[in-house]
Amino acid sequence: MKDTYTIEGMTCASCAQAVEKNVSKLTGMDSAIVNFATEKLSVTYDDQQVTASDITKAVADAGYKAVKHLTTDTFEIEGMSCASCAQAIEKSVGKMGGVSTVAVNLATEKMTVTFDEDALNISDIVHTVEDTGYQAKLETSKEEGPSQAEKQHIHIQSLWRRFLWSAVFTFPLLYIAMGPMLPFGGLPLPEFLDPMSHTVNFAVTQLLLTLPVIYLGRAFYTVGFKALFKGHPNMDSLIAIGTAAALGQGIVMTVLLVTGQLHIDHGHPDLYFESAAVILTLITLGKYLEAISKGKTSEAIKKLMGLAPKTARVVRNDQEIEIAIDQVVTGDILIVRPGEKIPVDGEIIEGYSAVDEAMITGESIPVEKRVGDQVVGASINKNGSFQFKATKVGKDTTLAQIIHLVEEAQGSKAPIAKLADKVSGIFVPIVMTLAAISGLLWYFLGQESWVFALSITISVLVIACPCALGLATPTAIMVGTGKGAENGVLIKSGDALEATQKVQTIVFDKTGTITEGRPVVTDIKTFNNADSDEILQIAASAEVGSEHPLGEAIVATAKDRQLTLIPSQDFQAIPGHGLQVSLNGQVVLLGNRKLMVDHAIDLSVDNGLSDQLATEGKTPMFIAVDGNLLGIVAVADTVKENSIAAIQKLHRMGIEVAMITGDNKRTAEAIAKQVGIDRVFSEVLPEDKASEVKKLQDEGLHVAMVGDGINDAPALAQANVGIAIGSGTDVAIESADIVLMRSDLMDVPTAVELSSATIANIKQNLFWAFAYNTIGIPVAMGVLYILGGPLLSPMFAGAAMSLSSVSVLLNALRLKGFKVKA
């Protein structure tokens, strides 16, 4: 393995020597050369003994830093026919120096490569794929050339035409070849095709009908033999060898008959032309059905892309003009009328409306939008007109980001796919070996004719199908992640999809996740004959100059009740206690118990009421005027509407629920009791959240973390599965494995259910793929025939092979019926 690193921190040749010396000491390192001028480290090593982390650590131990300028690109691959093709490409590209990771998705026919752009470029990767026997092209933008959907449609139509024309020649060929063999005298043939009296005509006619089918299926031979000669045979290689053997045998027999070197005294010659033609025709039909099924697995992406409007109405130079959506730039002022789609993301600057955001969030109820509110591109304006300023356009819009996330997830691999990958890598060579051995054994030990042995060999070659193995995982992931996107659950990768169904404990951040994150006034308690509106008016007037969230909640409540605020003087904030202010010449104190005690306020009338409020998770704020306690205003961060239901559902699923917060223990436990939390981590500093998650993992638990803030990002990254609330910060969303677009906690159990359903589907696919080959290959080798059963015809072997792939795809499509459980 060869690799290149950029070394940071070197100042002289001695630095280069130190790095070389340290890296060279690694076991399995063949050579380590540092070029001080370019600041590059070139290494050649045994990747079974040395990892990239070993190299970077060795450089770090020398006092320097090894970095790779990694970039990730997606390539469209042409020419793949089975999982063995994907394996061959992954293996070839993975060996390239500078390649960090490579994943080939057979279902989407795409390859994602993360590589060091200092070590190699895109053309190097393309040439490597071409040397392996396939075509690679950097994925084009959506505007360039035909879309993926258009290419898929063209491919499907091409396969259908191939099948129809193949069938046109195959059906008469099958009639001629098999008609005389049917019981009760068989089907009548024209006199000039009678195999008894016109054997040459019988053979030549079949050859002439077979050749067009061979031509129509020539791709199997060009791809199959090319892969075979490159040293990594694939499914097309099996089909090419099997049908070529059948065709070759038929041609030899025909030549012998035409030249008079072979005479058939009774019966008819074993030509096998019909086997070659039927196999190619049936496999083409299977490819057609497979292509249709593949298209259905990616419908989620097509639906998302179809949501984007094509034009936008923009105000430029005081003129209202309609332009293409890709011409909208950040800062443009756009006009949206009732019933129209919102073109891009932005902020309303004039007008009012209700917007249907169901296509983005899955939430069916329209959301009211006023000046200052954010709108999302592709959502539908319902009943009002408004103007908004574009804040995100092109690939930065929410819709574009969702499409990108879903595409990345659909192109990724789940760890469960590793077994199928390993088997696929050695599958075809093993099948070719078994076919050769079984044919030879039947010929030399079975006392059978060479025609019988050839039939066995062809059947084994044709029935084996690595396609089913290769499609088992990616198709299920494509449908599963697409279904998640439809439900407002964005799953970023196959790893996250598989890990989620293993979760045993889910840790929720409190503020903004379980609770609304916006404090509101919940109680107003009065003493000494005071009025509740009077208490609220005094508290709001005192807090109007404060920026504290609790104070803002009091002011907002007073405004909602349309109370007139009293001008204040001598405002004084008392950190950790509250504030003091003068209203109409009266001294007002507003704050916690300690503030009251410090100013000798008599709290006897409280009679434990404040303690009761605190036990309920509320923050009591005492109000005293001129030394007399007039009341308590309680403020609390209210629980989200669906928090209790979501936690109850997780409990029914057998998942433990924990909550993490910086609040004091009493407040935290009050919230926990209210929603049914099992474990509470209170008074946790933001920087310590990740360590609390780590402690749970140290108990052997598989942990998911749900959060929305910047301070949740480390914990989201630490957890086995990080789940970000869609309304949260960009940093939290970036750190997470799953994003809940609706910001609804009921989507947490939905994500777990979808993960479980998808992984179960993958396991079913893999089981049937393995079972099919485990049963099919021995049957083709003649095991049933030995036991007195029938011999599997090569034609039926071809049909079975095609149906195995289609059955796996159809099973994956069952996930489209996934429904959220109550």
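Only heavy atoms go into these numbers, but all of them, side chains included; no hydrogens, no water, no symmetry mates.
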Report summary line: CG of L791 to CE of M781, rounded to nearest 0.5 Å, is 12.5 Å
Query - With C85, the side chain to side chain contact (heavy atoms under 4.5 Å, CB included) member among M80, E109, E90 - result: M80
Query raised in the report: Are side-chain heavy atoms of F273 and L209 found at a separation under 4.5 Å?
Result: no
Requested in this report: Locate the shortest heavy-atom distance separating N773 from A769; write the atom from each residue and the value.
Outcome: ND2-O, 3.0 Å
Query raised in the report: Can you tell me how far the CG atom of L207 sits from the CD1 atom of I251, to the nearest 0.5 Å?
Result: 5.5 Å
Query raised in the report: To the nearest 0.5 Å, how far apart are CG in N811 and CG in N765?
Result: 4.5 Å
Query - Residues that T101 engages under side-chain hydrogen bond (donor to acceptor under 3.5 Å, both in side chains), provided they are two or more places apart - result: T114
Query raised in the report: Nearest heavy-atom pair of I239 and L280: which atoms, and what distance?
Result: CG2-CD2, 4.0 Å
Report task. For the residue pair M111 and I125, establish whether any side-chain heavy-atom pair is separated by less than 4.5 Å. Result -> yes
Requested in this report: Hey, could you give me the CG/CD distance between L174 and Q206, rounded to the nearest 0.5 Å?
Outcome: 9.5 Å
Query raised in the report: Is it the case that R162 and Q157 place a side-chain donor and acceptor less than 3.5 Å from each other?
Result: no
Requested in this report: Go through Y272 and S455 one step at a time and tell me if the side-chain hydrogen bond (donor to acceptor under 3.5 Å, both in side chains) criterion holds.
Outcome: CA-CA 9 Å; Y272 275 157; S455 175; 3.2 Å; yes
Requested in this report: Measure the OG-CD1 distance between S275 and I458 for me, rounded to the nearest 0.5 Å.
Outcome: 6.5 Å
Query raised in the report: Quick check: does any side chain N or O of S237 sit under 3.5 Å from a backbone N or O of G224, one acting as donor and the other as acceptor?
Result: yes
Report summary line: I176 and F202 have their tightest heavy-atom pair at O-CE1, 3.3 Å
Report summary line: ring-ring contact (aromatic ring centres under 6.0 Å, His included) filter on F163, not counting sequence neighbours, yields W160
Report task. Among residues two or more places apart or on two chains, list those pairs meeting side chain to side chain donor-acceptor pair (under 3.5 Å) that have a residue in residues 123-134. Result -> S92-T132, N121-S123, Y134-N234
Query raised in the report: If you take all heavy atoms of I463 and G776, which pair is closest and at what distance?
Result: CD1-O, 3.6 Å
Report summary line: Minimal heavy-atom distance between A476 and I762, with the atoms involved, is CB-CG1, 3.4 Å
Query raised in the report: Between F444 and W450, does the ring centre distance come in under 6.0 Å?
Result: no
Query raised in the report: Can you find a heavy atom in the side chain of V93 that is under 4.5 Å from one in the side chain of M96?
Result: yes
Query raised in the report: Are side-chain N/O atoms of T284 and S166 paired as donor and acceptor at under 3.5 Å?
Result: no
Query raised in the report: Is the shortest heavy-atom distance from the side chain of I122 to the side chain of F75 under 4.5 Å?
Result: yes
Requested in this report: Look at atom OH of Y221 and say whether more than 12 heavy atoms of other residues, nucleotides or ligands are closer to it than 6.0 Å.
Outcome: yes
Report task. Test the R218-Y215 pair against the cation-pi criterion, namely NZ or CZ under 6.0 angstrom from the six-membered ring centroid and within 45° of the ring axis. Result -> yes
Query - Nearest-0.5 Å distance that lies between atom CD1 in I456 and atom OH in Y443 - result: 15.0 Å
